[in-house]
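Structure record follows, encoded as structure tokens.
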Protein chains: 2
Amino acid sequence: MKNTYQRLKILEHLKSVKTHPTAEQVYNKIKPKISTISLATVHRNLNQMAESNQILKLEVKGQYHFDADLSLHQHFVCSECGKIYDLFQPDISEYALDEIDQNKFQVNNVQVIFNGICSKCKKI
Amino acid sequence: MKNTYQRLKILEHLKSVKTHPTAEQVYNKIKPKISTISLATVHRNLNQMAESNQILKLEVKGQYHFDADLSLHQHFVCSECGKIYDLFQPDISEYALDEIDQNKFQVNNVQVIFNGICSKCKKI
DNA sequence: TTCCTAAATGATAATCATTATTATTTAATA
DNA sequence: TATTAAATAATAATGATTATCATTTAGGAA
């Protein structure tokens, strides 16, 4: 894998945010800084980095979202606004990984995704 | 919601299988029995039933899959073949639901999705 | 440093699952 | 039986993602 300027900047951006942007959202943020970058390049690099476990790839409401935080954490997805919240309760994921039968499956990771209504949407 | 023959048959079929078919896979199975049914009808009904919590809607590899089993269970997705396996270890989901802060979020459900390689793909 | 080559890029076209549209049909109620 | 809101079938539109391909580039070898 070659260390291109584009990939470096994509990863840098993803690490700098606490949201879970889509490829297009990353593209929109980076485009002003690297005016020649193509949306396809952003897609390609995000997929490549997800494939090599440098970042996480999530599927929410028919779109892929990316997360540079590799720590054992969980997500909450609001079914109203679609926002993805981080939860940092490693014991939840650890419990799941402890319980699953590792003889039957070779487990690489576990995704714990809570669904519901976030406090912002509940108030409205 | 009107009780149409199409919706009845879609739900019946989904309840009869242990796989987690996409809308198109459901359509292909039902089409021979209801020759006039439209793929859009299958999509519409599956979404409607998922919305009203009669079935589950899962996102795997860029496609929606549906599951009529509402019991508290987990999934394992093989990154090789893409097959979705069921796990029945309610304690895993219960632990997660116990741990999450219900004050901050109104949680409706939790999805626990393990990723890795299934035993079939590992052998090959 | 220059050359070489596989890999990556940018631009754009293609894909394809899903959703929207609309005329027609139907379930359910009065 | 009549009414009507909801659902259907058929098809078009959508849109995120992937594929294609000519051009450029990173990085190692000579």
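Chain naming here is simple, since letters A, B, ... match the order of the sequence lines and numbering starts at 1 in each. Everything numeric here is computed off the predicted structure, so don't read it as measured data.
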Q.
I need the NZ-P distance between A:Lys57 and D:dA16, as an integer number of Å.
A. 15 Å
Q.
Centre-to-centre under 6.0 Å for B:Tyr85 and A:Phe105, is that the case here?
A. yes
Q: For A:Gln102 and A:Leu97, work out which heavy atoms get closest and say how close.
A: NE2-O, 3.4 Å
Q. Below 4.0 angstrom from OP1 or OP2 of C:dC16, is there any side-chain N or O of B:Gln63?
A. no
Q. Considering only heavy atoms, which members of residues 18-50 of chain A lie under 4.0 Å from some atom of DNA chain C?
A. A:Thr36, A:Ile37, A:Ser38, A:Ala40, A:Thr41, A:Arg44, A:Asn45, A:Gln48
Q.
Less than 4.0 angstrom from a charged side-chain N to a carboxylate O is my criterion; do A:Glu12 and A:Lys15 meet it?
A. no
Q: Let me have a per-nucleotide readout for nucleotides 23-30 of chain D, 5' to 3', with B, S or -, counting only protein heavy atoms under 4.0 Å.
A: --BBS---
Q.
Using the side-chain contact (heavy atoms from CB on, under 4.5 Å) definition, which of the options A:Thr41, A:Leu14, A:Thr22 pairs with A:Leu46?
A. A:Leu14
Q.
Looking only at the side chains, is there a donor atom on one of B:Asn115 and A:Asn108 sitting less than 3.5 Å from an acceptor on the other?
A. no
Q.
Tell me the interatomic distance from B:Glu51, atom CD, to C:dT19, atom P, rounded to whole angstroms.
A. 11 Å
Q. Given side chains that start at C-beta, do those of A:Tyr95 and A:Ile100 come closer than 4.5 Å, heavy atoms only?
A. no
**Q.** d(CD, A:Gln6; C1', C:dA11) in whole Å
**A.** 14 Å
Q | For the student: nearest non-hydrogen atoms of A:Ile37 and A:Tyr27, plus distance | A | O-CE1, 3.4 Å
Atom pairs and distances, donor-acceptor, side-chain atoms in residues 52-64 of chain A, under 3.5 Å, two or more places apart:
residue, atom, partner, partner atom, Å
A:Ser52, OG, A:Gln48, O, 3.1
A:Ser52, OG, A:Met49, O, 3.3
A:Ser52, OG, A:Gln54, NE2, 3.0
A:Lys57, NZ, A:Asn47, OD1, 2.7
A:Glu59, OE1, B:Gly62, N, 2.8
A:Glu59, OE2, B:Lys61, N, 2.8
A:Lys61, NZ, A:Ser79, O, 3.0
A:Tyr64, OH, B:Gly62, N, 2.9

**Q.** A:Phe66 CZ - D:dA16 C1' separation (whole Å)
**A.** 11 Å
